[in-house]
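Heads up: the structure comes next, in structure tokens.
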Amino acid sequence: MRIAVIGGGPGGLYFAYLWKKRHPEDQVDLFEQNPADATWGFGVVFSDQALEFLRADDPETVDAIAPHMESWENITLNLHGDSVAIDGVGFSSIGRLELLKFLQQRALDAGITPRFDTQIQAIDQLNGHDLIVAADGLNSLVRRAYEGDFGTSLSYSSNKFVWYGTSKRFDTLSQTFVKTDRGTFNAHHYRYSPTMSTFLVECDHATWQAYGFAYKDVEQSKGICEEVFADTLGGHCLVSNKSVWRNFPWVWNEHWSFKNMVLLGDALHSAHFSIGSGTRLAIEDAIALVKALESDVHLATALHRYQATRKPIVQKLVDAARTSASWYEHFAEHMKLPLMDFAYSYITRSGRIDDSRLRAMSPAFMARYEAAKNGGDAP
């Protein structure tokens, strides 16, 4: 079989590597419009659960990546100068570029030579390929060319966000909520290497307007965010990398394939950054697509199986992401709560965690929360 993969992000690279490793006789052509060392953003996060899922299918890859990851067991919330830790919430992170370089090498080792700096302008450039895998992100060429056939829907969250890095090293995945005289901000920050952290800043549209960010350039916006989060940054600066204000885009497709074309990752669906699952979903899509293609010699049947098997799982996670995003769109109201009530509202925001699960997962936090509810101090 001859396969074209459009997009050299984690999903496209992982699919290409995995298929070529299992089917060395097939031809896999991977096209990426950017240079090999180009990336947008800073670090990516995997929950412990996501890593275990990947380990079950590809322990060799996880074992190779794990030594290069930063890991922690708590989430820290910072509100009005106070902090609370939520224990038992394990995550690991790695630099996005480091992850891409690792997957690029895996693809090369499997016998694939990715074609970087190569932009596919039209689908007919790929005539002769039996399968076209569109892993080309939110602005997917394949999806946009056949939106009606894929049943594409696109909408946007109302909050604004901008993605920075910083040399400040944070102990855990943290959230810092700040109120100023012109509005409220939140920063999602976590280390992804011994010397660097992701620092994503978010605010509602009213705050964004009050600060005039629409009329500020990249450096001016960065300066304001450094001032707002001066205490959190502790003298460290923010680092830009295509760091412009955006609204989060919600992408969904009712039909995951059309003819010999199939979508995966952000080209197919998006999940809000507040649950940190974009890269995980893309890699899990790649695994599911490989398994479906191996399950049936008929391409149409295999692509149908990919959707039928994977879609309910993704739908559940995307629904949770939408619920989580809704909480963030009202975080200014939640900030009026006492610290422990605020933390409880935060950790239960997606609707996937109830009290019994919290007691098992985060016993120290729940002891403190229940003591606060009863008017006492946690043991």
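All of these numbers come straight from a predicted model, not from anything done at the bench.
One hydrophobic cluster holds both Leu264 and Tyr146 under the rule that ILVMFWY side chains link at heavy-atom gaps under 4.5 Å. Under a hydrophobic clustering in which Ile, Leu, Val, Met, Phe, Trp and Tyr are joined whenever their side-chain heavy atoms come within less than 4.5 Å, directly or via other members, Ile283 and Val251 fall into different clusters. If you chain together hydrophobic residues whose side chains sit under 4.5 Å apart, Leu281 and Val62 fall into the same group. In this structure, Phe273 is a member of the same hydrophobic cluster as Trp250, with clusters built from ILVMFWY side-chain heavy atoms closer than 4.5 Å. At a threshold of 4.5 Å between side-chain heavy atoms, the hydrophobic network of Ile, Leu, Val, Met, Phe, Trp and Tyr places Phe116 and Tyr17 in two separate groups.
Under the rule for a side chain to side chain donor-acceptor pair (under 3.5 Å), the partners of Arg115 that lie at least two apart in sequence or sit in another chain are Asp29. Applying the side chain to side chain contact (heavy atoms under 4.5 Å, CB included) rule to Tyr156 yields the partners Leu154, Asn247, Pro249; only residues at least two apart in sequence or on another chain are considered. Under the side chain to side chain contact (heavy atoms under 4.5 Å, CB included) criterion, Asp26 pairs with Met1, Trp19, His23, sequence neighbours left out. Remark: Pro35 pairs with Asp37, Ala38, Asp117 by the side chain to side chain contact (heavy atoms under 4.5 Å, CB included) rule, at least two apart or across chains. In this structure Glu294 satisfies the salt bridge (Lys or Arg N to Asp or Glu O under 4.0 Å) test together with Arg22, sequence neighbours excluded. Applying the salt bridge (Lys or Arg N to Asp or Glu O under 4.0 Å) rule to Arg246 yields no partners; only residues at least two apart in sequence or on another chain are considered. Legend: residues meeting side chain to side chain contact (heavy atoms under 4.5 Å, CB included) with Ala134, ordered by chain and number and at least two apart, are Asp136, Ser140, Val142, Leu263.
Summarising the geometry, atom CG belonging to Leu173 is positioned 6.0 Å from atom CZ belonging to Phe91; distances are rounded to the nearest 0.5 Å. Interatomic distance, Ser167 OG to Arg169 CZ, rounded to the nearest 0.5 Å: 12.0 Å. The CG atom of Asn159 lies 7.0 Å from the NE2 atom of His272; values are rounded to the nearest 0.5 Å. Rounded to the nearest 0.5 Å, atoms CG (Asp171) and CZ (Arg191) are 6.5 Å apart. The CG atom of Leu54 sits 5.0 Å away from atom CD1 of Ile287, with the distance rounded to the nearest 0.5 Å. Note that the OG atom of Ser157 and the CD atom of Glu202 stand 8.5 Å from one another [nearest 0.5 Å].
A salt bridge does not link Arg55 to Glu60: none of the charged side-chain nitrogens sits closer than 4.0 Å to a carboxylate oxygen. A salt bridge links Asp57 with Lys291: the closest approach of a Lys/Arg side-chain nitrogen to an acidic carboxylate oxygen falls below 4.0 angstrom. A salt bridge does not link Glu370 with Lys373: none of the charged nitrogens is closer than 4.0 Å to a carboxylate oxygen. By the 4.0 Å N-to-carboxylate-O rule, Lys311 lies close enough to Glu254 to be salt-bridged with it.
Using a 4.5 Å heavy-atom threshold, the side chains of Ile123 and Leu141 count as touching. Side-chain contact between Leu77 and Ile75: present, with at least one pair of heavy atoms (C-beta onward) separated by less than 4.5 Å. When side chains are defined from C-beta on, Ile3 counts as touching Val133, because their heavy atoms get closer than 4.5 Å. Taking 4.5 Å as the limit, some side-chain heavy atom of Lys216 sits within range of a side-chain heavy atom of Ser221. In this structure, the side chains of Tyr346 and Gln175 come closer than 4.5 Å at one or more pairs of heavy atoms. Side-chain contact between Leu131 and Leu293: present, with at least one pair of heavy atoms (C-beta onward) separated by less than 4.5 Å. Here the side chains of Val262 and Ile132 are not in contact, with every heavy-atom distance at 4.5 Å or above. Side-chain atoms of His189 and Ser197, non-hydrogen and from C-beta on, never get closer than 4.5 Å to each other.
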Side-chain donor/acceptor pairs under 3.5 Å, residues 331-344, sequence neighbours excluded:
residue	atom	partner	partner atom	Å
Glu333	OE1	Lys336	NZ	3.3
Glu333	OE2	Lys336	NZ	3.1
His334	NE2	Trp327	NE1	3.3
Tyr344	OH	Asp355	OD1	2.4

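Formation of a donor-acceptor pair under 3.5 Å by the Asn127 side chain with backbone atoms of Asp124 is found in this model. Of the possible polar contacts, none joining the Thr76 side chain to the Thr172 backbone as a donor-acceptor pair under 3.5 Å is found. Using a distance-only test at 3.5 Å, with no hydrogens or angles considered, a donor-acceptor pair links the side chain of Gln104 to the main chain of Ala36. One N or O on the side chain of Lys168 and one on the backbone of Thr232 form a donor-acceptor pair closer than 3.5 Å. Side chain of Gln119 to main chain of Gln121: no donor-acceptor pair is present (N/O by atom type, distance under 3.5 Å, no hydrogens or angles). Without hydrogens or angle criteria, Ser362 side chain to Phe365 main chain gives no donor-acceptor distance under 3.5 Å. Although no hydrogens or angles enter the test, the distance criterion places a donor-acceptor pair under 3.5 Å between the side chain of Thr207 and the main chain of Thr184. Judged by distance alone, the side chain of Asn253 and the main-chain N or O of Leu268 form a donor-acceptor pair under 3.5 Å. A donor-acceptor pair is defined here as one N or O able to donate and one able to accept, closer than 3.5 Å; such a pair exists between the side chain of Thr166 and the backbone of Cys237. Side chain of Thr301 to main chain of Leu299: no donor-acceptor pair is present (N/O by atom type, distance under 3.5 Å, no hydrogens or angles).
The aromatic rings of Trp256 and Trp252 sit perpendicular, their planes meeting at an angle over 60°, well past the 30° parallel limit.
Tyr306 does not carry Arg310 over the face of its six-membered ring by the limits of under 6.0 Å from the centre and within 45° of the normal.
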Would Lys222 and Glu219 satisfy salt bridge (charged side-chain N to carboxylate O under 4.0 Å, His left out), going step by step from the backbone distance to the final call? CA-CA 5 Å; Lys222 183 168 74 73; Glu219 285 301 310; 3.7 Å; yes
Dump the intermediate steps for side chain to side chain contact (heavy atoms under 4.5 Å, CB included) on Val314 and Asp285, then the final yes or no. CA-CA 9 Å; Val314 174; Asp285 286 349; 4.0 Å; yes
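Of the residues listed (Tyr328, Phe161, Trp163), the one engaging His188 in a ring-ring contact (aromatic ring centres under 6.0 Å, His included) is Tyr328, and it is the only one.
The other members of the hydrophobic cluster of Val218, by chain and number, are Val244 (side-chain heavy atoms under 4.5 Å, ILVMFWY only). Through side-chain heavy atoms spaced under 4.5 Å, either directly or across other Ile, Leu, Val, Met, Phe, Trp or Tyr residues, Val297 is tied to no other residue. Listed by chain and number, the hydrophobic cluster partners of Val162 are Tyr164, Phe170, Val178, Phe185, Phe199, Val201, Trp208, Tyr211, Phe213, Ile224, Val228, Phe229, Leu233, Leu238, Trp245, where partners are ILVMFWY side chains within reach of under 4.5 Å, directly or through others. Cluster note: Ile313 groups with no other residue, as no ILVMFWY side-chain heavy atom lies under 4.5 Å from it.
Enclosure of atom NZ in Lys259 is not indicated, since only 12 or fewer non-hydrogen atoms of other residues, nucleotides or ligands lie within 6.0 angstrom.
Minimum heavy-atom separation, Ala286 to Gly11: CB-O, 3.8 Å. Listed here is the closest heavy atom pair of Leu13 and Gly8: CD1-O, 3.2 Å.
No side-chain donor-acceptor contact under 3.5 Å links Arg349 and Thr323. With hydrogens and angles left out, the side-chain atoms of Asp204 and His330 include no donor and acceptor closer than 3.5 Å.
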